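As the structure is a prediction and not an experimental result, all values here were calculated from the model.
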Amino acid sequence: MAQVIVRNLEDDLKEALKRRAQRHGCSMEEEVREILRRAADEDAEALPNLGSRMAKRFAGIGLETPLPELHGQEIAPVALDA
């Protein structure tokens, strides 16, 4: 098992973690592990596919036609004739 040391943790944050652990009936160390587990799981699940993120970012700025999905097709190189 790995260990992580967090330095320069604010006193009020440490006290808040301690209170939270007491509410959940566990040690502060276990509470921090659980918080880190949840944060890591959320990160892995939260990222939608690149195409979905791009469509959301550029929604409403003029492109009305849906773009076709490319799955495994070869992409032809662009001709750079001068």
Would you name the heavy atoms of E31 and A21 that are closest together and state the gap between them?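 Result for this residue pair: CB-CB, 3.7 Å.
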Please determine whether residues V4 and M28 belong to a single hydrophobic cluster, defined as Ile, Leu, Val, Met, Phe, Trp and Tyr linked transitively by side-chain heavy-atom distances below 4.5 Å.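 Linked, V4 and M28 end up in one cluster.
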Can you find a pair of side-chain heavy atoms, one from I35 and one from L17, that are under 4.5 Å apart?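 In short, these two side chains touch, coming nearer than 4.5 Å.
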Would the number of heavy atoms belonging to other residues, nucleotides or ligands and lying under 6.0 Å from CZ of R57 be above 12? no
Rounded to the nearest 0.5 Å, what separation is found between the [atom1] atom of [X] and the [atom2] atom of [Y]?
X	Y	atom1	atom2	answer
C26	R20	SG	CZ	9.0 Å
E29	Q3	CD	CD	8.5 Å
H24	E34	NE2	CD	9.0 Å

Run the salt-bridge test on E10 and K14 with the 4.0 Å N-O cut-off and return the result as yes or no. no
